[in-house]
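Treat the numbers as computed from the prediction; the structure is a model and nothing was measured.
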Amino acid sequence: MAKPTHADAELLLHLYEIRREPELRRARAWILAEFKPSTWADVKSRYLSHVDEDRWFRMATSYWEMVATMVNRGTLHPELFFDHTGEDIVTWERIKSLIPDARADIRPTYLMQFEKLVEGHQAYRKQINAAAVAKKPVAGKTKKKR
């Protein structure tokens with residue numbers, strides 16, 4: 001994979017600045033701590049009804065879909081992004097059980113880029129974690145000098 005560029009770093013910093021915007025920060029905090037529906041029908045009846053939670057749900061999910069599209073389409077270097085955060089994975093875990101019904105209700109590609117991003121991020125973490133473990137000596141064992 002190509003080395004991250006200065007433009008990648010600038011875009012990543014800009015996306016971080018956007019995350020710091022107070023309303024998006026509140027939306028992200030809400031979805032991670034307070035959003036607890038069990039079905040897509042719960043989401044529709046409780047949150048997609050022109051209340052703050054409606055705006056926060058749409059804001060948080062559309063932010064991650066936007067970022068995912070940039071990473072998946074090669075606008076932002078994937079490994080640079082993956083090394084930076086894990087909030088995408090945590091957010092996806094909060095909503096993934098709702099997605100099949102949401103796709104049936106809204107459109108089959110709903111949050112598809114977000115899902116693809118998280119799959120790539122998890123595969124990347126698995127790879128770098130395995131590499132890190134392989135480099136560490138196992139506790140209690142020492143390498144013999146030849």
Side-chain angles (χ1 to χ4, degrees), residues 1-140:
M1 175 168 277
K3 183 178 176 182
T5 66
H6 186 75
D8 287 310
E10 286 181 359
L11 179 54
L12 187 63
L13 288 170
H14 184 63
L15 291 171
Y16 184 77
E17 288 173 13
I18 292 169
R19 285 176 61 189
R20 293 178 59 226
E21 188 277 324
E23 189 69 8
L24 181 55
R25 185 171 281 199
R26 175 68 182 120
R28 291 173 33 245
W30 173 81
I31 207 162
L32 293 175
E34 299 173 45
F35 180 70
K36 296 181 179 29
S38 57
T39 67
W40 178 247
D42 287 347
V43 173
K44 287 180 68 173
S45 67
R46 289 181 63 197
Y47 303 119
L48 301 184
S49 56
H50 305 289
V51 294
D52 285 342
E53 290 86 355
D54 172 27
R55 186 175 67 255
W56 295 334
F57 177 81
R58 289 181 293 108
M59 184 178 280
T61 58
S62 66
Y63 172 80
W64 287 115
E65 182 76 353
M66 175 188 70
V67 171
T69 301
M70 290 181 197
V71 172
N72 295 342
R73 301 276 185 192
T75 302
L76 176 58
H77 191 279
E79 292 177 0
L80 184 67
F81 174 77
F82 296 155
D83 284 340
H84 161 71
T85 189
E87 186 179 332
D88 58 312
I89 295 171
V90 177
T91 303
W92 180 255
E93 289 297 318
R94 299 285 289 146
I95 67 169
K96 76 177 181 180
S97 67
L98 308 169
I99 299 304
D101 287 341
R103 287 179 178 161
D105 186 41
I106 299 171
R107 67 182 178 281
T109 59
Y110 180 67
L111 299 181
M112 180 183 74
Q113 294 294 330
F114 188 14
E115 180 177 25
K116 182 179 175 183
L117 172 78
V118 171
E119 289 170 354
H121 195 162
Q122 289 171 325
Y124 175 77
R125 281 198 172 178
K126 184 176 181 180
Q127 177 185 8
I128 64 166
N129 288 341
V133 168
K135 288 181 181 179
K136 290 183 180 179
V138 177

Show me the pairs that pass side-chain hydrogen bond (donor to acceptor under 3.5 Å, both in side chains) and involve [range], at least two apart or across chains.
range: residues 61-72; answer: Asn72-Gln113
range: residues 27-37; answer: Arg26-Glu34, Arg28-Glu87
range: residues 1-14; answer: Thr5-Asp8, His6-Glu10

List for me each residue that meets salt bridge (Lys or Arg N to Asp or Glu O under 4.0 Å) alongside [X], sequence neighbours excluded, and say none if there are none.
X: Asp54; answer: Arg58
X: Asp52; answer: Arg55
X: Asp105; answer: Lys44
X: Arg46; answer: none

Can you name the residues that form a side chain to side chain donor-acceptor pair (under 3.5 Å) with [X], not counting sequence neighbours?
X: Glu79; answer: none
X: Trp92; answer: none
X: Glu115; answer: Arg103
X: Lys96; answer: Glu93

Nearest 0.5 Å please: distance from the [atom1] atom of [X] over to the [atom2] atom of [Y].
X: Trp56; Y: Ile31; atom1: CH2; atom2: CD1; value: 11.5 Å
X: Leu117; Y: Leu76; atom1: CG; atom2: CG; value: 9.5 Å
X: Leu11; Y: Leu80; atom1: CG; atom2: CG; value: 9.0 Å

| request: Go through the structure and list residues passing ring pair (Phe, Tyr, Trp, His ring centres under 6.0 Å) with Phe82, not counting sequence neighbours. | output: His121, Tyr124
| task | Kindly indicate whether the side chain of Phe114, heavy atoms from C-beta on, has any atom under 4.5 Å from the side chain of Ile95. | result | yes
| task | Would you check if Leu12 and His77 make a side-chain contact, meaning some heavy-atom pair closer than 4.5 Å? | result | no
On a heavy-atom basis, which atom in [X] and which in [Y] lie closest, and how many Å separate them?
X: Pro100; Y: Ser97; answer: CD-O, 3.7 Å
X: Ala27; Y: Ala60; answer: O-CB, 4.1 Å
X: Leu98; Y: Pro37; answer: CD1-CG, 3.8 Å

| note | Tested for ring-ring contact (aromatic ring centres under 6.0 Å, His included) against Tyr47, the lone hit among Phe35, Phe57, Trp40 is Phe35
| field | Trace of the side-chain contact (heavy atoms from CB on, under 4.5 Å) decision for Leu15 with Phe81 | value | CA-CA 10 Å; Leu15 291 171; Phe81 174 77; 5.6 Å; no
